[in-house]
Amino acid sequence: MPPRDHQIHRRIKALAWPMILANLSVPLLGIVDTAILGHLGDSRYLSAVAISTSLLAFLYWGFGFLRMGTTGASAQAANKQEGAGLLLKALLISLLISLFILLAGHKLSYLGLSLMNADDTLLPLAKSYLHIRLYSAPAVLATYVVIGWLIGQQNTRWPLIIAISTNILNIALDYFFIIKLNLHSDGAAIASAISEYGGLGLALWAVRHSLRHMASFGIKQVWRYGPQIKQLLSSNFQLFIRTAALLFSFAFFTAQSAALGQNQLAANAILLQLMMISAYGLDGFAHAAEALVGEAYKRQDAHMLLSTCRACATYCVMTAAIMSAVLFLLKSPIVVVMTDLAVVQELVSEYYSWLIWLPLLCAPSYLLDGIYIGTLKTKAMQWCMLFCVCLVFLPLWRATLHWGNNGLWLAFSAFNLARGLSLALMFKRSVLQKLKVTLA
């Protein structure tokens with residue numbers, strides 16, 4: 001391996017492993033919530049949280065473009081002033097969106113819950129959980145911005161510290177509120193909200209030097225640096241459409257699971273939580289690609305860009321294969337840990353084979369998302385996602401409706417595969433066009 005490529009591999013590992021650990025702690029939180037609620041003896045609490053978190057994806061994860069858009073712009077920032085200007089503008093956008101969520105979230109939640117096909121016995125629990133979690137909107141979105149900014153600056157240690165600390169606090173509070181105080185699904189919501197504000201405190205401490213820079217130079221002076229607010233809003237809007245379409249697919253999946261019954265909803269919720277472990281793990285290499293590809297694209301370094309893409313692809317495929325193997329070998333203990341409700345265990349086991357293949361099917365899309373984010377090719381991401389939802393997922397679900405839950409999982413798996421294929425087909429035209437290179 002040439003010395004320069006060896007250096008690229010070393011940088012990828014240094015950036016990826018902290019993010020893999022940080023990302024794995026995120027679904028770990030959901031796993032702990034699911035496992036605790038799954039052992040309460042009544043699947044209503046688990047089902048209610050599954051419905052609510054699916055809607056929260058639109059209100060919180062739907063604004064995940066704040067993280068992605070900030071990462072790409074941060075990776076291409078030329079100096080400290082540009083980085084500080086970007087951070088200021090992105091934090092302002094996150095604050096404005098948070099205010100909108102706080103003002104409109106309660107009304108939108110009633111509409112959302114009415115569209116989720118939930119049983120009447122679940123609605124009060126789901127509504128209560130959702131309304132508690134809305135109060136953490138400012139913390140969640142501001143933390144998205146800071147983490148995105150840090151990744152773009154090739155600092156992945158602080159995101160690891162923030163994620164692990166937040167989730168350790170959440171797990172402890174879950175035990176206290178759910179088990180000790182017997183607050184069930186409301187306890188899980190309170191624990192998450194408190195932990196998210198704790199995470200924001202750590203995030204602001206991580207960027208304290210940039211915040212001091214803003215204070216010393218003045219907000220007005222710092223505002224002049226970094227991308228124009230119009231440019232930032234444009235790329236973020238395209239990422240918003242892309243993310244909203246992705247989250248629609250998850251919400252639709254959850255809604256159709258609910259239509260199949262309370263126990264089937266609980267089983268599919270467990271399988272989705274397990275899928276998120278592989279998703280967040282593979283995203284570690286996508287985050288490394290965001291930072292290094294963004295740097296290469298800014299410098300117009302075609303060799304670095306292509307070498308980074310190839311190296312990240314190799315690591316991504318290897319990790320996906322390992323995850324699929326682990327899911328296959330540990331099926332029985334995983335099912336037992338997730339729930340002790342016999343009927344839910346049986347349903348999880350019945351559809352578990354779909355889960356085993358998902359890491360391999362999803363790996364290309366996760367990596368290519370990172371590459372497109374690093375180069376700020378957000379329009380291509382938007383159109384590829386809309387294509388996969390509207391022309392793959394929904395038509396295939398409709399065509400296999402008579403297959404029940406197997407048809408739903410088939411459509412969802414094909415959708416994830418199509419995400420990677422569509423982005424790959426657009427790679428040369430979208431990413432390499434400006435560099436004027438061809439794939440060797």
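Here the structure is a predicted model, which is why all the values come from computation and not from measurement.
Side-chain contact check for Thr314 and Arg310: no donor-acceptor pair (N or O, by modelled atom type) lies under 3.5 Å. Between the side chains of Lys379 and Tyr372, not a single donor N or O lies within less than 3.5 Å of an accepting N or O. Trp149 and Asn155 form no side-chain donor-acceptor contact under 3.5 Å, judged by distance and modelled atom types alone. No side-chain N or O of Gln76 forms a donor-acceptor pair with one of Glu295 less than 3.5 Å apart. With no hydrogens or angles considered, a side-chain donor-acceptor pair links Ser74 and Gln153 at under 3.5 Å.
Between Leu367 atom CG and Leu423 atom CG the span is 10.0 Å, to the nearest 0.5 Å. The distance from the CG atom of Leu361 to the CE atom of Met275 is 9.5 Å, given to the nearest 0.5 Å. The CG atom of Leu391 sits 12.0 Å away from the CG atom of Leu396 when rounded to the nearest 0.5 Å. From Leu347, atom CG reaches atom CG of Leu341 across 11.0 Å, with rounding to the nearest 0.5 Å. Here the CG-OG1 distance, from Leu91 to Thr70, works out to 8.0 Å after rounding to the nearest 0.5 Å. Atom CD in Glu196 sits 10.5 Å away from atom CG in Leu169 (nearest 0.5 Å).
Panel note: side chain Tyr135, backbone Leu102; no donor-acceptor pair is recorded below 3.5 Å. Of the possible polar contacts, one joining the Thr71 side chain to the Gly148 backbone as a donor-acceptor pair under 3.5 Å is found. Although no hydrogens or angles enter the test, the distance criterion places no donor-acceptor pair under 3.5 Å between the side chain of Ser324 and the main chain of Ala321. A donor-acceptor pair is defined here as one N or O able to donate and one able to accept, closer than 3.5 Å; such a pair exists between the side chain of Gln300 and the backbone of Tyr297. For the pair Ser365 (side chain) and Arg419 (backbone), a donor-acceptor distance under 3.5 Å is absent. Judged purely by atom type and a 3.5 angstrom limit, Asn167 uses its side chain to pair as donor or acceptor with the backbone of Ala163. Put simply, the side chain of Ser136 gets close to the backbone of Arg133: a donor and an acceptor are under 3.5 Å apart. Side-chain N or O atoms of Ser165 include none that pairs as donor or acceptor with a backbone N or O of Ile162 at under 3.5 Å.
Between Arg67 and Ile151, the closest side-chain pair of non-hydrogen atoms falls below 4.5 Å. Here the side chains of Tyr144 and Met68 are not in contact, with every heavy-atom distance at 4.5 Å or above. You'll find the side chain of Leu408 stays beyond 4.5 Å of the side chain of Gln264, heavy atoms only. Contact of the Cys388 side chain with the Phe393 side chain is not registered, since no non-hydrogen atoms from C-beta on lie closer than 4.5 Å. With contacts defined as side-chain heavy-atom distances shorter than 4.5 Å, the pair Tyr197/Pro138 qualifies. A heavy-atom distance below 4.5 Å is not found between the side chains of Trp17 and Leu160. For the pair Met323/Leu358, no side-chain contact is recorded, criterion being any heavy-atom separation below 4.5 Å from C-beta on. The closest side-chain heavy-atom distance from Leu292 to Leu15 is below 4.5 Å.
Smallest separation of non-hydrogen atoms from Ala289 and Thr308: CA-CG2, 4.4 Å. The nearest pair of heavy atoms linking Gly420 to Leu368 is O-CD1, 3.4 Å. Taking both residues in full, the closest heavy atoms of Ala139 and Leu200 are given as CA-CD2, 3.7 Å, listed atom of the first, atom of the second, then distance. Here the closest non-hydrogen pair linking Met426 and Ala380 is CE-CB, 4.2 Å. When every heavy atom of Ala320 is checked against every heavy atom of Leu282, the shortest pair comes out as N-CD2, 3.6 Å. Residues Ser94 and Val145 approach most closely at CB-CG2, 3.9 Å, considering heavy atoms.
Across Leu141, Val140, Ile147, a single residue satisfies side chain to side chain contact (heavy atoms under 4.5 Å, CB included) together with Thr143, and that is Ile147. For the side chain to side chain contact (heavy atoms under 4.5 Å, CB included) with Arg242, the qualifying choice from Thr378, Asp369, Leu386 is Asp369, the only one to do so.
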Query raised in the report: Which is it for Thr400 and Asn406 under the side-chain contact (heavy atoms from CB on, under 4.5 Å) test, yes or no, and what are the steps along the way?
Result: CA-CA 8 Å; Thr400 60; Asn406 276 316; over 6 Å; no
Query - Cys309 vs Phe427, side-chain contact (heavy atoms from CB on, under 4.5 Å): CA-CA, chis, key distance, verdict - result: CA-CA 11 Å; Cys309 292; Phe427 178 77; 4.1 Å; yes
Query - Full working for side-chain contact (heavy atoms from CB on, under 4.5 Å) between Phe177 and Asp186 - result: CA-CA 8 Å; Phe177 286 114; Asp186 279 356; over 6 Å; no
Requested in this report: For side-chain contact (heavy atoms from CB on, under 4.5 Å), just list the numbers for His287 and Thr156, CA-CA rounded to whole Å, side-chain angles, deciding distance to a tenth of an Å, and then say yes or no.
Outcome: CA-CA 9 Å; His287 292 321; Thr156 57; 5.7 Å; no
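Listed by chain and residue number, nothing satisfies the side-chain hydrogen bond (donor to acceptor under 3.5 Å, both in side chains) test with Asn236 (two or more places apart in sequence, or in another chain).
Between Phe412 and Phe250, the ring planes are perpendicular. Angles over 60° get that label, and only those under 30° would be called parallel.
Centroid-to-centroid, the aromatic rings of Phe415 and Trp397 stay 6.0 Å apart or farther.
Taking a 6.0 Å sphere around OH of Tyr351, one finds it holds more than 12 heavy atoms contributed by other residues, nucleotides or ligands.
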